[in-house]
There are 2 protein chains.
Amino acid sequence: MSHEHHTPNPLNDRAQLLLKTLVERYIADGQPVGSRALSKFSGLDLSPASIRNVMADLEEMGFIASPHTSAGRVPTARGYRFFVDTLLTVKPLDRVEINQLEGQLQVDNTQKLVASASHVLSELTHFAGVVVTPRRSSGFRHVEFLRLADKRILLILVTADGDVQNRIIHTEKAYSPSELTEAANFLNQNFAGCTFDEIRRRIQAELRQLREDVAQLMAAALNAGDQAVSEGAEDVVISGEVNLLGIDDLSSNMGKLRDLFNLFERRTSLLQLLDQSSRAQGVQIFIGGEAGLQPLDECSVVTAPYEVDGKVVGTVGVIGPTRMAYERVIPIVDITAKLLSSALTQR
Amino acid sequence: MSHEHHTPNPLNDRAQLLLKTLVERYIADGQPVGSRALSKFSGLDLSPASIRNVMADLEEMGFIASPHTSAGRVPTARGYRFFVDTLLTVKPLDRVEINQLEGQLQVDNTQKLVASASHVLSELTHFAGVVVTPRRSSGFRHVEFLRLADKRILLILVTADGDVQNRIIHTEKAYSPSELTEAANFLNQNFAGCTFDEIRRRIQAELRQLREDVAQLMAAALNAGDQAVSEGAEDVVISGEVNLLGIDDLSSNMGKLRDLFNLFERRTSLLQLLDQSSRAQGVQIFIGGEAGLQPLDECSVVTAPYEVDGKVVGTVGVIGPTRMAYERVIPIVDITAKLLSSALTQR
DNA sequence: ACTGGCGCTCGCATCCCGGGAGTGCTGGAG
DNA sequence: CTCCAGCACTCCCGGGATGCGAGCGCCAGT
């Protein structure tokens, strides 16, 4: 019995080094890497022929594959996975870049903040940036009823996290301004800080003490609140999809490209994927179809959750081709998530 | 002297009919139209040979052109122009479709309304829908200061048209709730209905009668108001760009397609184009490069202004390939503009 | 264990070639 | 004068055929 085969463990050092340089070369060039190229760039002093043996092993184990008989090798999804898990060396962003990034975030408004974060991600990576809008903390803070016309009232609702929703209500009765302020004051003074469910429960009791029409008004407000919380709850903001048109890896297959962009419009399934990431902590990477969505076969998604007051409330990420410069994208996503967290926390 | 050449006026009746059917065929098929096809579909009982003579004339006058020697003819930009100006017969939408369209508009909110209008346009035409957000009437209606923390105040501003802006202000001093309501009341009671410029002028006089800190607060509100009016003034909402990926007229030239999508992201130049249309009244059509933007040379833009209370405040439109079914798109854009107008007016 | 060499397999670019579609022109018929 | 059939011509397009280059696997030799 041979005490050891020539591939004792999953991967010996030499194979790892070669896999690493192969992936790096391929990411840089975009073209299948041959044995000669590898022998030049690996640093090891080996002839192409020897390298070919290792490559054959790597192929057998499913880390690399050749598009056709006489092309070089290309990393498979599994190859990329191993690469990012154990071979990759990320270089953190330097201070200047971080400041630059921070400067691009527009902090005056949650919506703007999220939009600018998404935009920054796409600008820096030249791929598509995605941000899942922060989950509402779903508390009630303040309400205002404003009379627009006899039977149309502008409802302004401020949630606990300081976001403002507005909505126009059509009523059956024409309320006077004093009725409106009365109703608003009642809600503001008694229920600030409660969740809408709480309010609904507690209000049942007090409801009969109020004049009927005012009660009706407040019911409308509650409904709007529920709707605002549930519907506005989670959405995903995408920026720079255009960048993906320039990526030749993707734009070769027109059909695939269409599918991809359709995925972006459908939002929901993308949201599902991004929500997965918010359970983990730190940067997470989905390579190729790992996410379970076909349109993404040739894409990778790099995500990181962000938090406010220590609780995860959303996810930022980048969608690009599988062949992306992970060592750059990963820290960018990481930092953006952290900046977004701190910007949201100190509001 | 010959009293008349064989093309007496710009176009005789026969030439017009042939041009019309040629454009219609081309719009339907997408393939260059030959003389034989024309002789079959024109309704005239003419042989291909005779038709060829007319086609030669049409080509000489620049209405049609042939991609290469032995293909049929395709309409030029000028051909399309003549077609839509004098040859086109639009069939108005039937009642059912209008109701359907109206049902898709979400009326509870200006932003939603605009977004849904854009979406509807793209759905119905299978091209890209664009809507320029309504110009602010720039009046002040109501303001609210809400204390978030010691030195951070949520400013809620309602403009005359019932839209709500919100913004977080960082102040040097920590205001008490009563100071905040005082300032808000002062503004609400004295200046409702004024433009921000007016307020600024009139407040100069009264400013010294107020406590300094309160004055500072109101100055912040005014600045926010100005900014809201000017910045939020006009933006363009685009939907269904994805649809354009499927159009083979466009997706053949990958480079052009990129340019087009970049145009969509840059917004500003698109906005300029759409603003032109808001000066005219009724549906307006820009064919090919008529708009002066190269990325659009193979596109047409069909626009119509919409109004609130009889004043034009924005534009809706569709961007698609030059080869589009104008007789369908035109009424769709027209009706959408009208529905949007009435939805905004009765708010 | 490593390497040089050999034969082999593909992809890709090029060229060639025939079929098809459509045109312009011309001469003749109504 | 109008129309039309016929003809020669041009051009696109698709399908082989061919040559080249890149890369691989294998093997024998060090």
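Note on naming: letters A, B, ... go to the chains in the order of the sequence lines (proteins, then strands), and numbering restarts at 1 for each one. Side chains are part of it too, since the values below use all heavy atoms of this structure and drop only hydrogens, waters and symmetry mates.
Remark: aromatic rings of Phe264(A) and Phe261(A) are close, center separation under 6.0 Å.
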In a table with atom names and distances, give each donor-acceptor pair under 3.5 Å that connects a side chain of residues 250-259 of chain A to protein atoms at least two apart or in another chain.
residue   : atom : partner   : partner atom : Å
Ser251(A) : OG   : Ile247(A) : O            : 3.0
Ser252(A) : OG   : Asp249(A) : O            : 3.4
Lys256(A) : NZ   : Asp297(A) : OD2          : 2.6

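Put simply, CZ on Arg25(A) is 16 Å from C1' on dA22(D), counting in whole angstrom units. Remark: P of dC26(D) and CD1 of Ile51(A) are 17 Å apart, rounded to the nearest angstrom. The CG atom of Leu38(B) sits 17 Å away from the C1' atom of dC4(D) (whole-angstrom rounding). The interatomic distance linking Leu22(A) (CG) with dG23(D) (P) rounds to 12 Å, in whole Å. Atom-to-atom, CG of Leu58(A) to P of dG25(D) comes out at 11 Å; the value is rounded to the nearest Å. Regarding Gln31(B), its CD atom lies at a distance of 16 Å from the C1' atom of dC11(D), rounded to whole Å.
Side-chain atoms of Glu290(A) come within 3.5 Å of backbone atoms of Ile287(A) as a donor-acceptor pair (strictly under, hydrogens ignored). Using a distance-only test at 3.5 Å, with no hydrogens or angles considered, no donor-acceptor pair links the side chain of Thr21(B) to the main chain of Phe41(B). Of the possible polar contacts, one joining the Thr315(A) side chain to the Leu274(A) backbone as a donor-acceptor pair under 3.5 Å is found.
Along DNA chain D, the nucleotide nearest to His68(B) and the one nearest to Arg14(B) differ in position, and the one closer to the 5' end is contacted by Arg14(B).
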Tell me, with the steps shown, if Ile319(B) and Leu270(B) meet side-chain contact (heavy atoms from CB on, under 4.5 Å). CA-CA 11 Å; Ile319(B) 301 180; Leu270(B) 196 57; 4.0 Å; yes
Given protein heavy atoms under 4.0 Å, the one-letter contact record of nucleotides 18-30 of chain C, with B base, S sugar-phosphate only and - none, is simply --BBSBBB-----
